[in-house]
Amino acid sequence: MFNRDTWQEILATVRKHKLRTGLTALGVFWGIFMLIFVLGMGQGLENGVFRDFGSRAKNVMYVWPERTTQPYQGFQPGRQPQLDMDDILAIKQYIPEVQYIGPRLSLRNIPASYRDIGDSYEIRGEMEDMIRIEALTLYEGRYINALDIRDSRKVAVLGKRTAEVLFGKEDCIGRYFRIGGMEFRAVGIFGPMQIKPWTEDDLEAIVIPLTTMYRAFGTGERVDYFVCSAAPDVQVSAIEPKVKGLLKQRHRVAPDDPRGIGAFNLEEEYQGIVNLFGGIKAFLWFVGIGTLMAGIVGVSNIMLITVKERTKEIGIRKALGATPGSIIQMILAESVLITGISGYLGLIAGAFVIGLINYVMVANNLEPDNFYNPQVNLSVGLSAITLLVLAGAAAGLLPALQAARVDPVVALKDE
Amino acid sequence: MIQLRNIRKTYQTGYNRLEVLKGIDLEIEAGAFASIMGSSGSGKSTLLNIIGMLDDYDHGDYHLDGTLIKGLSQADAAHYRNRFIGFVFQSFNLLPFKTAQENVALPLYYQKIDRLKRQKMAMEYLDMVGLADWASHLPTQLSGGQQQRVAIARALITQPKVILADEPTGALDTHTSYEVMELFKKVNQEGITVLIVTHEKDISDMTRRIIRLRDGLIENPAEGGVAVQPSV
């Protein structure tokens with residue numbers, strides 16, 4: 001259908017009306033550019049927000065004890081259950097859907113010092129899996145491991161800022177320092193994956209094996225709270241009642257007591273935000289397509305004028321044997337060509353600007369809240385191109401039909 | 001070649017009905033070299049448009065080379081025009097953004113003839129009208145006479161059975177007009193039927209048959225309505 005001759009015919013007419021074609025093309029260019037740009041920025045917003053969630057947070061839940069509100073098996077309401085090491089072991093044993101479980105016991109304002117530098121810090125007793133669950137990252141050395149737990153070793157992983165305060169520029173790994181008067185060996189430096197107001201604590205904490213905590217600080221085998229993650233193919237909301245049920249049973253909390261054992265997971269919030277971004281994306285598509293539509297109407301409008309202006313030419317072509325079909329094809333092809341090329345340029349320009357913003361942000365280490373890695377994915381690009389061809393055809397349809405209706409007798413009438 | 005039986009054509013303009021052709025009976029044999037004369041409004045252009053299948057008629061029968069031409073679809077009409085008819089207009093009607101050669105080649109494009117062959121044939125026909133050296137010129141770079149010769153080459157390239165010329169000399173000076181008429185004569189000698197609409201007596205006198213039209217009727221059916229001179 002679109003052979004070389006057709007294209008030559010089109011190119012000849014396009015070349016003849018450079019300015020008009022250019023202005024028309026600008027509308028479509030801008031439409032696609034805005035569509036891509038807006039969607040790319042939306043993606044950046046989405047990426048930023050989801051990054052705050054951390055890569056695994058959505059499948060993680062926190063569990064803690066709180067005061068009961070109902071009497072049960074002879075216990076009065078208002079009792080505070082106390083989680084302990086046995087609970088952790090019981091969950092590991094009876095609930096296989098739990099992938100990792102990380103108990104934590106914190107002591108605050110414990111003095112820690114290296115040589116003559118010291119301050120008081122939050123000391124956390126943890127087990128080896130904590131770093132796999134929480135949004136923590138290891139900068140140097142290693143985290144607590146299973147042998148540390150088994151042997152109650154006196155080793156410590158320092159929050160990044162704590163390490164800087166105590167050791168300065170010195171390499172702390174393998175060095176001994178004091179926590180609450182006892183010698184601990186520093187084995188690693190950790191910190192939060194992202195530094196946010198609510199993750200500052202992680203920068204300043206010192207983590208030691210939970211078992212060491214029990215022995216060295218005489219806390220008894222208790223646990224403040226624990227974090228656990230669901231196995232990859234399990235939803236954390238599905239295991240939450242199981243974990244709570246088991247703990248309620250173990251601590252004699254009434255099964256229907258809304259309190260006693262508290263738990264929190266981000267799955268619902270996560271889903272809410274996923275839905276929100278679905279809505280935002282739909283809105284952005286709506287706006288972008290609206291802009292594109294304006295461009296298309298522009299093309300259609302100009303093509304109508306073009307057809308009017310070319311009435312005589314169309315009349316001549318008809319007299320020479322052009323069928324209405326060939327006239328429609330000529331106008332449609334011209335429309336698709338103009339929208340296609342200008343839209344494609346808009347697509348490239350939009351992707352380029354998005355890429356540029358990303359590049360500038362990365363290069364200058366800019367990390368604003370809620371914005372990260374704006375991008376245009378392949379499916380958006382492909383949709384846009386499909387849209388373009390359809391748009392071109394739609395824009396050309398009315399003018400093409402108009403052209404096909406040109407009456408050669410009227411068109412060729414000499415004034 | 002062309003047979004018209006009681007052709008009527010009425011235009012509806014608002015509440016007015018204007019009967020332009022009031023029953024034309026006309027036969028033009030193959031190889032004729034004829035002119036249609038008449039004052040403005042006599043219906044001569046309408047008649048030519050009907051013969052050229054650019055316009056439809058309300059009543060009667062029109063046979064072109066034995067084929068009944070009636071109620072054709074636009075696509076069929078386009079096809080017949082392309083194969084059977086070559087048009088020449090008063091204002092030449094060349095496409096201004098195409099070179100002489102491209103203009104001449106255009107009808108072959110609608111016959112889906114290969115590009116190179118089109119160009120080659122266009123050159124041959126340009127050569128025939130004596131404009132081979134002007135092939136790459138745009139119409140605006142040509143004189144009126146040259147443009148009309150390009151238009152004639154374009155009309156001839158499909159090897160049509162009939163050439164229909166609507167006031168072909170209307171925009172040309174006398175000298176150039178005669179040159180163009182010489183060209184038509186040459187075309188006719190090759191066996192192509194040539195029908196010229198004109199209101200210039202000296203032009204019509206160069207044809208072998210004059211059909212006079214007045215108020216939608218043929219005025220001289222006796223001498224003009226029937227063949228007076230057979231073709232060569």
Check this for me: A:Tyr344, atom OH, are more than 12 non-hydrogen atoms of other residues, nucleotides or ligands nearer than 6.0 Å? no
Which of residues 289-301 of chain A get closer than 4.5 angstrom to chain B, counting heavy atoms alone? none
Tell me whether A:Phe277 at atom CZ has more than 12 heavy atoms from other residues, nucleotides or ligands lying less than 6.0 Å away. yes
Crowding at CZ, B:Arg214 (>12 non-hydrogen neighbours, <6.0 Å): no
Would you indicate whether the side-chain heavy atoms of B:His79 and A:Thr323 approach each other to under 4.5 Å? no
Of all heavy-atom pairs linking B:Arg81 and A:Ala322, the shortest is NH2-O, 4.5 Å
To the nearest 0.5 Å, what is the distance between OH on B:Tyr109 and CG on A:Leu320? 13.0 Å
Under 4.5 Å to a heavy atom of chain A? For B:Asn49 that would be side chain
For the candidates A:Ala404, A:Ala319, A:Ser326, which exhibits the highest count of non-hydrogen atom pairs separated by less than 4.5 Å from chain B? A:Ala319
Does atom OH of B:Tyr11 have more than 12 heavy-atom neighbours from other groups under 6.0 Å away? yes
Taking all non-hydrogen atoms of both residues into account, name the closest pair between B:Asn93 and A:Leu412 and its distance. ND2-CD2, 3.3 Å
Any chance you could measure A:Ile327, atom CD1, to B:Tyr110, atom OH, to the nearest 0.5 Å? 5.0 Å
For chain A, which residues from residues 62-77 of chain B have at least one heavy atom closer than 4.5 Å to it? B:Gln74, B:Ala75
Contacting moiety of B:Arg154, where chain A heavy atoms sit under 4.5 Å: side chain
